[in-house]
Number of protein chains: 2
Amino acid sequence: MNNNQVLNERSLQLLKALVERYIQDGQPVGSRALSKDTELKLSPATIRNVMADLEDMGLIRSPHTSAGRVPTVSGYRLFIDSLLTVKPLDSEELKLLRKNLIAKDNVNDVIGIASRILSDVTRMAGVVTLPKRELVSLRHIEFLPLSNTRVLVIFVTNEQEVHNKILHTSKQFSPAQLQQAANYLNSVYAGLSLAAVRKAVLKELKDAQEQMNREMLDAVQMAKLALDPENSDEDYVLSGETNLMGFSELSDMERLKELFDAFSQKRGVIHLLDQCLNAEGVQIFIGEESGYHAFEQCSLVTAPYSINEQVVGVLGVIGPTRMAYEKVIPFVDVTAKLLGAALNPKT
Amino acid sequence: MNNNQVLNERSLQLLKALVERYIQDGQPVGSRALSKDTELKLSPATIRNVMADLEDMGLIRSPHTSAGRVPTVSGYRLFIDSLLTVKPLDSEELKLLRKNLIAKDNVNDVIGIASRILSDVTRMAGVVTLPKRELVSLRHIEFLPLSNTRVLVIFVTNEQEVHNKILHTSKQFSPAQLQQAANYLNSVYAGLSLAAVRKAVLKELKDAQEQMNREMLDAVQMAKLALDPENSDEDYVLSGETNLMGFSELSDMERLKELFDAFSQKRGVIHLLDQCLNAEGVQIFIGEESGYHAFEQCSLVTAPYSINEQVVGVLGVIGPTRMAYEKVIPFVDVTAKLLGAALNPKT
DNA sequence: TATCAGCACTCTATCCTATAGAGTGCCAGC
DNA sequence: GCTGGCACTCTATAGGATAGAGTGCTGATA
């Protein structure tokens, strides 16, 4: 790669045409085809010169001597960042989103629907992370005695989701004691994010052990157990993975297995998606940019979604690098916004 | 297919050898190989005669003239039902099961572990259905007011699993009323299976509308809502699907996509597994026997598992028809028993 | 009558070669 | 700086030859 070339208007226009053409039909693009595609009246020979320059700059490459050129990751990156003309969202698709992406009693249902719509519309794989518990705020907490030292803790969060967990306490509590503990916690902590609650709880335990009365101490200690993040309960809902089996660039079984393994391990995918939590809007990983070998032939288009203006999760589309970015990007963007809206509690 | 042939001892012995050989190395088995494999001192020519008979009977077939023979579904069926010599369980595998398949607070964790062990050990796909709510018995029910007419119902079942659901009630209840309703239900119905509870509840509503006091009626009506089976919450945990990508008989992308689609739709797979709920022990579907096109190249080896001697779910292994049944069958069998043990409440 | 050696036949898989087609790089002329 | 022309390269495809595996059948044998 050699950067003392100039990327003038014409080269960019040709790069754009090449990427668009390649995305459209998946074949390496030759100079003759490009000459016909653009309104610049240039002969194939001239275009070949420009293409040689683009290749020097590492933006395109040729699979072999007598094939045309295909975009490299840098080529796609430049295309997406500077050349792409995003298409407005299809009104049918918007209608579909508005019709189906609505509030439900069960958050998982909404997440599942979002994931499915993403995959159905794009005909690629859709992924939506569950709202991060950490970031979601506590609405209500409750303790139920199960047996001896086992206590069921139930907490209702911001987005009307109910979580439960079984605690093993060091001593036995009466139902009344548990009720009292819950009352205390609700009065003090309701409305804070779970992360904030945990932080406050830890502080309280550290600062005020002696001054606290017995009941409050019990309550706080139980809250500590209840909010223990434990083995990251982070998860996502994936849909339409099988759509990826149709793409020729992913038809190598080794690769495909690696990709699907990554999907079921979840760890790597979650890590990748987490990187998009703080992005302003749509963020894109092209091929090897993700840093995961399994995703080398794939691109990931993501957008964070929010509840009450607080980002709590990420959704996105996974497909071959050769995808219709100009349609996928706005679609992912809007879906994220509408998912946030559907998850916002109405009260 | 023509059945006026006689299946004598020798033919069966040869069929057995052929299936075993084919399972071992996946190549069509020729007369010469079979002649060496068996201790019957028969020349390839004689064996060819027998093979022609077996082919007439529809037990084996030849992919083309100059290939050997492979078993048909009927051939596999006969092999499994009458010829198979099941191997005792490997002690390492038993140790693995005993070590990992132990009681946990969370049923889903245990199910997940079982599924993973099934796939890891067999290097095929493992599947375990969640315990059917219907069949599991009620231990404890609780109502929590959420807001206005929304009530959170929580029920703890037999296997220590906690389920929750949001009800929309027609009128508003005070916490005390909800507590009273729960008390009533717990005193009357605890210990029955959810299906039995629902049945009793419906009967009560029908019979005794007038005689009942107001509170009990409310309680029963709420129970009815809570136990509504709704969109079948039946589900399963699948592991190691990607193992199936390694098998040459499943390497056709069309087929593979169909199979994975079936996995994510779940409906068909659940229906198939449900058929095994009432089987006495291990049940096997070979290829097209399942009745699902997606599974045409696959076999499914299943066994039901029980909690408190009540069958509540099914587990199994999915792999190519050409699998080591003599090892898989006992393994699935034992795993089902140990899963049942791990799910049994200790009290 | 059951078994078996021998043989002609069939089908597949593999390798080699030839050929057409697509696309390039470079050069010389405008 | 652009372009037509041309030699060159590489791929994909088809055809043909060959080796190998395995079969079915026949006629001989015990």
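These numbers come from the heavy atoms of this one structure, side chains and all, not from hydrogens, waters or symmetry mates. Note that the structure is a prediction, hence the values are computed from the model and not measured. Sequence lines set the chain letters: A, B, ... in the order given, protein chains first and strands last, and positions in each chain run from 1.
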Touch class at under 4.0 angstrom, heavy-atom based, for B/Ala45 against every strand present: base
B/Arg10 side-chain N/O to C/dT3 phosphate OP1/OP2 under 4.0 Å: yes
Side chain to side chain donor-acceptor pair (under 3.5 Å) contacts touching residues 18-28 of chain B (sequence neighbours left out): B/Arg21-B/Asp25, B/Arg21-B/Asp37
Atom pair distance, as rounded to whole Å: CD in B/Gln27 and C1' in D/dT23: 17 Å
Residue B/Arg32 excluded, over 12 heavy atoms near CZ under 6.0 Å: no
More than 12 heavy atoms of other groups within 6.0 Å of B/Arg255 CZ: yes
Length of the CG-P vector between A/Leu14 and D/dG1, whole Å: 16 Å
Any A/Arg69 side-chain N or O less than 4.0 Å from OP1/OP2 of C/dG25: yes
A/Lys16 charged N/C atom sitting above A/Phe79 aromatic ring, 6.0 Å / 45°: no
Atom-pair distance (CD on B/Glu55; P on D/dC25), nearest Å: 11 Å
Centroid-centroid under 6.0 Å between B/Phe260 and A/Phe260 rings: yes
Distance-minimising heavy-atom pair for A/Leu18 and A/Val70: CD2-C, 4.3 Å
First encountered from the 5' end of DNA chain C, between A/Val29 and B/Leu42: B/Leu42
Under-4.0 Å side-chain N/O to phosphate OP1/OP2 contact, A/Ser62 with C/dG23: no
Integer-rounded Å distance: C/dG6 P and B/Arg32 CZ: 12 Å
Euclidean distance, atom CG of residue B/Asn49 to atom C1' of D/dG22 [Å, nearest integer]: 14 Å
Listed pairs, N/O of protein and of nucleotides 28-30 of chain D, under 3.5 Å:
none

Rounded interatomic separation in angstrom, taking CG from A/Leu54 and P from C/dG25: 12 Å
Residue from B/Leu84, B/Leu59, B/Leu54, B/Val19 passing side chain to side chain contact (heavy atoms under 4.5 Å, CB included) with B/Leu78: B/Leu59
Closest to the A/Met51 side chain, choosing from D/dG4, C/dC4, C/dT24: C/dT24
Passing option when B/Glu55 is tested against B/Arg69, B/Arg48, B/Arg61 for salt bridge (Lys or Arg N to Asp or Glu O under 4.0 Å): B/Arg69
Rounded distance (Å) that lies between atom P of D/dC2 and atom CG of A/Asn8: 9 Å
Heavy atoms from other residues, nucleotides or ligands near NZ of A/Lys327 exceed 12 (cutoff 6.0 Å): no
Can you give me the N/O atom pairs linking the protein to nucleotides 6-14 of chain D at distances under 3.5 Å, or say none if there are none?
| residue | atom | partner | partner atom | Å |
| --- | --- | --- | --- | --- |
| D/dC10 | O2 | A/Ser66 | OG | 2.7 |

A/Leu40 CG - D/dT3 P separation (whole Å): 10 Å
